[in-house]
Engineer: 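Before anything else, here's the structure in question.
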Amino acid sequence: MALIWAQAHDGIIGDAGSIPWHLPEDLAHFKAVTDAATVVMGRRTWDSLPERFRPLPGRRNVVVTRDAGWAAAGAERAVSVEKALSGDTASTEPGTTIWVIGGGEVYREALARASRLEVTELDLAVPGDTRAPAVDGEWTRAHASEWMVSRTGIRYRFVGYERP
Ligand SMILES: Nc1nc(N)c2c(n1)CN(C(=O)COc1ccccc1N1CCC(C(=O)O)CC1)C2
C-alpha cells in the first residue's frame, strides 16, 4: 500500500481542514498517480474535497470513519485504516495499488504498513496545523524530479520513497 501527499516547509500538509495553497500541477500528478486505483482517505479529507470531486472519479473511494451512520454516494466506509486495507477493499485486482490520500491521522495510521511514498515538496512556507508523517531512515529515495516552477509561481518537485 502507498501514501501520497503534498507538503510545504516543515511538512505542513493542511490548515484548518484545507490545503493552504493551489498547485494545479500537483493535482494533475495526484490524479495521474492514483488513476484507476483504490484511494483510502479519512472523513475530513472526504469533506475537504470539492463537491464535484466526491467521489474521486475513476477510482474506488474508501472513507475511514468510526461513525457507523456515515454514508456518501460513491464511497465505501471502513471503520479503520486496518479494515480499509484488509477487508474486501484489499480484494482490489492484484497489482492495483491502494493509495492512502490523507489526512494526517490516516497517514500516521497507515505509514507502518506502507512500502511506497509519493511526496510533492513545495518550496513554500505556510502556517498549518497538520503535518505529514516523518520519513525516517528506513526509507530509500527511489526518485526525485528536478525543481520545477508552477504556473502559480510555487517551486515544487516530486519525490518517491520505497522500502521493502
Ligand atoms: N500530492 C497530493 N496528494 C494528495 N493526497 C492530495 C493531493 N495532492 C491533492 N489532494 C486534495 O485533496 C486536494 O485536491 C483538490 C483541492 C482543490 C480542488 C481540486 C482538488 N482535486 C482535483 C483533482 C481531483 C482528482 O484527483 O481527480 C482530486 C481533488 C489530495
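This chain uses plain numbering: 1 for the first residue, then up along the sequence. Counting starts at 1 for both ligands and their atoms, in listed order. Note that the structure is a prediction, hence the values are computed from the model and not measured.
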Engineer: Do any N or O atoms from the side chain of R54 and from the backbone of L49 form a donor-acceptor pair under 3.5 angstrom?
Structural biologist: yes
Engineer: Considering only protein heavy atoms, which is closest to atom 24 (C) of ligand 1, and at what distance to one decimal place?
Structural biologist: F53 CD2, 3.6 Å
Engineer: Does only the side chain of V119 get under 4.0 Å from ligand 1, or the backbone, or both, or neither? Count heavy atoms.
Structural biologist: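 For V119, there is no contact with ligand 1 at all, from either part.
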Engineer: For F158, check ring pair (Phe, Tyr, Trp, His ring centres under 6.0 Å) against everything at least two apart and list the hits.
Structural biologist: H29, Y156
Engineer: Check each atom of ligand 1 against the heavy atoms of A6 and keep those under 4.0 Å away; list them by number with element.
Structural biologist: 1 (N), 2 (C), 3 (N)
Engineer: If we ignore hydrogens and angles and just use 3.5 Å, is the side chain of R43 paired with the main-chain N or O of R66 as donor and acceptor?
Structural biologist: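 Such a contact is absent between R43 side chain and R66 backbone.
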Engineer: Is E162 paired with R116 through a side-chain N to carboxylate O contact shorter than 4.0 Å?
Structural biologist: no
Engineer: What protein heavy atom sits nearest atom 13 (C) of ligand 1, and how far off is it?
Structural biologist: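 The closest one turns out to be I19 CD1, 3.6 Å.
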Engineer: Just which atoms of ligand 1 are under 4.0 Å from any heavy atom in I4?
Structural biologist: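 Counting atoms of ligand 1 from 1, those under 4.0 Å from I4 are 1 (N), 3 (N), 4 (C), 5 (N).
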Engineer: Would T34 and R59 count as having a side-chain donor-acceptor pair, cut-off 3.5 Å?
Structural biologist: yes
Engineer: For atom 26 (O) of ligand 1, what's the nearest protein heavy-atom neighbour? Residue, atom name and distance, please.
Structural biologist: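 Atom 26 (O) of ligand 1 sits closest to the protein heavy atom R59 NH1, 2.8 Å.
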Engineer: What protein heavy atom sits nearest atom 12 (O) of ligand 1, and how far off is it?
Structural biologist: L49 CD2, 3.5 Å
Engineer: Taking the basic N atoms (NZ, or NE/NH1/NH2) and the acidic carboxylate oxygens, is any pair closer than 4.0 Å for R155 and E121?
Structural biologist: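 No, R155 and E121 are not salt-bridged.
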Engineer: Hey, are the side chains of D123 and H9 touching, using non-hydrogen atoms and a 4.5 Å cut-off?
Structural biologist: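 They are in side-chain contact.
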Engineer: Do the side chains of R60 and E76 get close enough for a salt bridge, i.e. N-O under 4.0 angstrom?
Structural biologist: yes
Engineer: Measure the shortest side-chain to side-chain distance between P24 and T152 over non-hydrogen atoms and say whether it is less than 4.5 angstrom.
Structural biologist: yes
Engineer: So if I count the atoms of ligand 1 from 1 in the order they appear, which ones are less than 4.0 Å from some heavy atom of Y107?
Structural biologist: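 That gives atoms 5 (N) of ligand 1.
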Engineer: Can you tell me the protein heavy atom closest to atom 2 (C) of ligand 1 and the distance?
Structural biologist: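 Checked against all protein heavy atoms, atom 2 (C) of ligand 1 sits closest to D26 OD2, 3.5 Å.
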Engineer: Which residue and atom name correspond to the protein heavy atom nearest atom 18 (C) of ligand 1, and how close is it?
Structural biologist: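 Result for atom 18 (C) of ligand 1: P50 CG, 3.4 Å.
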Engineer: Using a distance-only test with no angle check, is there a side-chain donor-acceptor pair under 3.5 angstrom linking E118 and H143?
Structural biologist: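 Yes - a donor-acceptor pair under 3.5 Å links their side chains.
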Engineer: Side chain, backbone, both or neither: which applies to I101 and ligand 1 if a contact is any heavy-atom pair less than 4.0 Å apart?
Structural biologist: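 Both backbone and side chain.
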Engineer: Under a 4.0 angstrom heavy-atom cut-off, which atoms of ligand 1 come close to K31?
Structural biologist: 26 (O), 27 (O)
Engineer: With atoms numbered from 1 as shown, which atoms in ligand 1 lie under 4.0 angstrom from a non-hydrogen atom of T120?
Structural biologist: 1 (N)
Engineer: Can an N or O of L27 be found at a distance shorter than 3.5 Å from an N or O of ligand 1?
Structural biologist: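 No: no nitrogen or oxygen of L27 is under 3.5 Å from one in ligand 1.
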Engineer: Which one holds for W5 and ligand 1: side chain close, backbone close, both close, or neither close, with close meaning a heavy atom under 4.0 Å?
Structural biologist: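 The backbone, only.
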Engineer: Report the part of L56 (side chain from C-beta onward, or backbone N, CA, C, O) that has a heavy atom under 4.0 Å from ligand 1; answer both or neither where that applies.
Structural biologist: side chain
Engineer: Less than 4.5 Å apart, side chain to side chain, heavy atoms only: is that true for W99 and V33?
Structural biologist: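 A side-chain contact exists here, since the closest heavy-atom pair is under 4.5 Å.
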Engineer: Does T45, backbone or side chain, put an N or O under 3.5 Å from an N or O of ligand 1?
Structural biologist: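 No, T45 has no N/O under 3.5 Å of an N/O on ligand 1.
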Engineer: Any idea which part of Q7 is under 4.0 Å from ligand 1, heavy-atom wise: side chain, backbone, both or neither?
Structural biologist: neither
